[in-house]
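Order of the sequence lines fixes the chain letters, A, B, ..., with proteins taken first and strands second; residue numbering starts at 1 for each chain. Quick note: numbers below take in every heavy atom, side chains included, and nothing from hydrogens, waters or symmetry partners.
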Number of protein chains: 2
Amino acid sequence: MKRKITIHDVAKKAELSVSTVSLIMNNKPNVNEETRRKVLEIIRQLGYHPLRSARGLASQSSGNIGFILTEDHFSQAEPFYTKIFLGTEFEARNHNFYILLTTVGWTLKDQSQVPRFLLEHNVDGVIIAGKIGSSWVEYIQEQNLPLILIDYELARHRVSTIGMDNRTGINLVVEHFRTGGHSKIGFIGGDIRHPSIAERFASYRDTLASAGMPINSRWISVGEANTSLDDGYEAAKRIFSLGGERPTAIACANDAMALGCMKFLKEAGIAIPGDVAVSGFDNIEAGLHVEPRLTTVNVHREEMGGIAVRRLVEMIKDHSSVITKTLTPVELIVRDSCGVKESVSD
Amino acid sequence: MKRKITIHDVAKKAELSVSTVSLIMNNKPNVNEETRRKVLEIIRQLGYHPLRSARGLASQSSGNIGFILTEDHFSQAEPFYTKIFLGTEFEARNHNFYILLTTVGWTLKDQSQVPRFLLEHNVDGVIIAGKIGSSWVEYIQEQNLPLILIDYELARHRVSTIGMDNRTGINLVVEHFRTGGHSKIGFIGGDIRHPSIAERFASYRDTLASAGMPINSRWISVGEANTSLDDGYEAAKRIFSLGGERPTAIACANDAMALGCMKFLKEAGIAIPGDVAVSGFDNIEAGLHVEPRLTTVNVHREEMGGIAVRRLVEMIKDHSSVITKTLTPVELIVRDSCGVKESVSD
DNA sequence: CGATTCTATTGAAGCGTTTCGATAAAAACG
DNA sequence: CGTTTTTATCGAAACGCTTCAATAGAATCG
């Protein structure tokens, strides 16, 4: 068992003290440039890598970032949050951080549920993705840990967030329907309590309103408990079971519900997009494999994770506690389910 | 900023030395039962949790397990490996380990690609899931790190693996077709170089052979580069473009290819399961949402991850290096795509 | 040119644990 | 009952790094 190479080995070979080597390892100022180069070269030669736990102990920091997801979010068939996680993992490497992922229940009930990385002070900051009970946010803030929320926000809490441009997304969809000749446009929202969903719904109303188009509450379903495929199915059933005038297009607040909506329409013998056009939001894989392929709004998941890490690392290093709200852009992806071809404009 | 509670606080309150407290924290023998109880109670009261980095430094262990996935595996739409990861994460908690997940390229080309957790000795063992270049396995074994492979194996390397009972799975499928009246059963395998796929293919042949049924090479497609939906599509096209007698059932080596196969059949106007029955393997979500719903073989992904962690922790703690090969059970899930109802037998 | 400031380097303390050899007390032994 | 073994506890060294006060020399200043 060959001994590990330590900072002492480097120091000895460089004929310097370990302090100097340490300064260099941490990019501290007041080191002669030549010395720095020499030591860096020796480090390379020796293949030296500082031991995480020793660093951590001495500097009172772990070099880890905690990533918290509710159990149901992570287990989802669609890797929406998985992609976000991947984005954090990639970006974390650039900053020499590790990501510790853990799943938790919806709310923090008692101490035994607290992720071990929080108890053991094994993270320097935390990222939470998706909707989650506010008790978690409160707990983490009490610990004075930098925190970022992705794809969620809590009105009553001062916390930095990374979101996506929901309003523009739905605006693009509705405008696309409108310029394509639709005037009776419905909306399926599911769980409207989710901030992102609420924004999408608001944007739907605003867009219609500012275009001077009718808003018919019978074309809208936003009361479902969740935003799953089944919720979309039920919502569509509700809308199309009602008598009276029917919508000719349905904007769904996400792809899962759009898929559920399409499932219902097919079963009911309603042609897509012939009788009714459908659109989603999120650009999940499954939208590509359904027939007709789903028109949707693309969201940059990896990028959201990456931005979250960058912001968090800033907060960790600068001890800054400025609250920011970052929006990532989205874009309309026109496929077959909306029956409107992308028109060459501008 | 309130000071953290350390082992010294516990020791002082208990009027004992830190050594004794440490012994108790680590479940070491030769501690009076009453003392142990007393200290444990004090630890509870104080809410003491040892600092990971201090432990790590002193005991020359990190308390982390590395989880390595190739980039393409993790990015896959279907959360097959994500589920496995989740299983490891759950089980790791029970053993007081953290999982550090990272993705890597197919082969290890140069030092700069080595995950940082390996360079910094920040893991006590490694789990690799899915097919991967053998250079990675070799590198990790050189580091004398305990290693487990999930859903993959390398014939030429001595390494413990966790797999699933592929042979039984396909056997169940083919038997189900046979007893349901099918005698012309085809197979779509995709990338036969993957050990799991190879086993499934072998089991297909064996089952047919031992039932005395014909094996027609024109009903078989196993040359594809991969095992994706598109590969399934192409394979089906190949099989059904050939003239001559056609199979009445197709066993696919995984669900993705089964879905691709179904896509082709639908486009070709071939009824499922009327003209051709189809089955998959893996029991992915998408199989539930396709029409008709896919008959498949269920695999316990989370459990595979959990077992991997248990085995790895054993290896870490016991310094044992016994090579084992663990198979997790599978079960047939009969849905609509095979056109055979589950018969009440036995 | 003496005093002050700045730059580069260092020695040593300290971070919170584990571990090992030492020790005293209790138990078992012949 | 003296000797050996076992049990329970402890003190101190070690783990590999960061950090901070100290120092000496170089540069700058009035």
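- Distances shorter than 4.0 Å separate some side-chain N or O of B:Thr35 from OP1 or OP2 on D:dT9.
- Below the 3.5 angstrom threshold, one finds a donor paired with an acceptor across the side chain of B:Ser19 and the base of D:dG11.
- Here D:dA8 presents its C1' atom at 15 Å from CZ of B:Arg37, a figure rounded to the nearest Å.
- OP1 or OP2 of C:dT18 lies within a sub-4.0 Å distance of a side-chain N or O belonging to B:Asn26.
- Per the geometry, NE2 belonging to A:His121 stands 10 Å off P belonging to C:dT17, to the nearest Å.
- Within 4.0 Å of A:Ser53, counting heavy atoms only, lies no atom of the nucleic acid at all.
- A salt bridge links A:Arg36 with A:Glu33; the closest basic N to acidic carboxylate O contact falls under 4.0 Å.
- Going from atom CG of A:Leu51 over to atom P of C:dG16 covers 17 Å, rounded to whole Å.
- Distance from the side chain of A:Ser22 is smallest to D:dT18 among D:dT18, C:dA8, D:dG11.
- Across all strands, A:Leu16 comes closer than 4.0 Å only to sugar-phosphate atoms, never to a base (heavy-atom distances).
- As rounded to whole Å, 11 Å separates atom C1' of C:dG16 from atom CG of B:Asp9.
- The side chain of A:Thr6 places no N or O atom within less than 4.0 Å of a non-bridging phosphate oxygen (OP1 or OP2) of D:dG16.
- Of the inter-residue distances, the one linking B:Ser321 atom OG with B:Gln141 atom CD reads 10.5 Å to the nearest 0.5 angstrom.
- Among all heavy-atom pairs drawn from A:Tyr152 and A:Leu149, the shortest one is O-CB, 3.6 Å.
- Heavy atoms of A:Leu57 sit under 4.0 angstrom from at least one base atom.
- Where B:Glu33 and B:Ala58 each meet DNA chain D at their nearest nucleotide, the meeting point lying more 5' is that of B:Glu33.
- As judged by a 4.0 angstrom heavy-atom cut-off over every strand, A:Asn30 is placed among the base-contacting residues.
- The closest donor-acceptor contact from the side chain of A:Tyr81 to the backbone of A:Thr70 lies at 3.5 Å or more, if one exists at all.
- Between the NZ atom of A:Lys28 and the P atom of C:dT7 there is a distance of 17 Å, given to the nearest Å.
- Atom CD of A:Gln60 is separated from atom P of D:dG16 by 19 Å (rounded to the nearest Å).
- Residue A:Ala54 is the one, among A:Ala54 and B:Ser59, whose nearest nucleotide of DNA chain C lies closer to the 5' end (criterion: closest heavy atom).
- Within the 3.5 Å criterion, the main-chain N or O of A:Ser61 finds no donor-acceptor partner in the side chain of A:Asp124.
- Here the P atom of nucleotide C:dG21 and the CG atom of B:Leu23 are 14 Å apart, to the nearest Å.
- Here C:dT17 presents its C1' atom at 13 Å from CD1 of B:Ile43, a figure rounded to the nearest Å.
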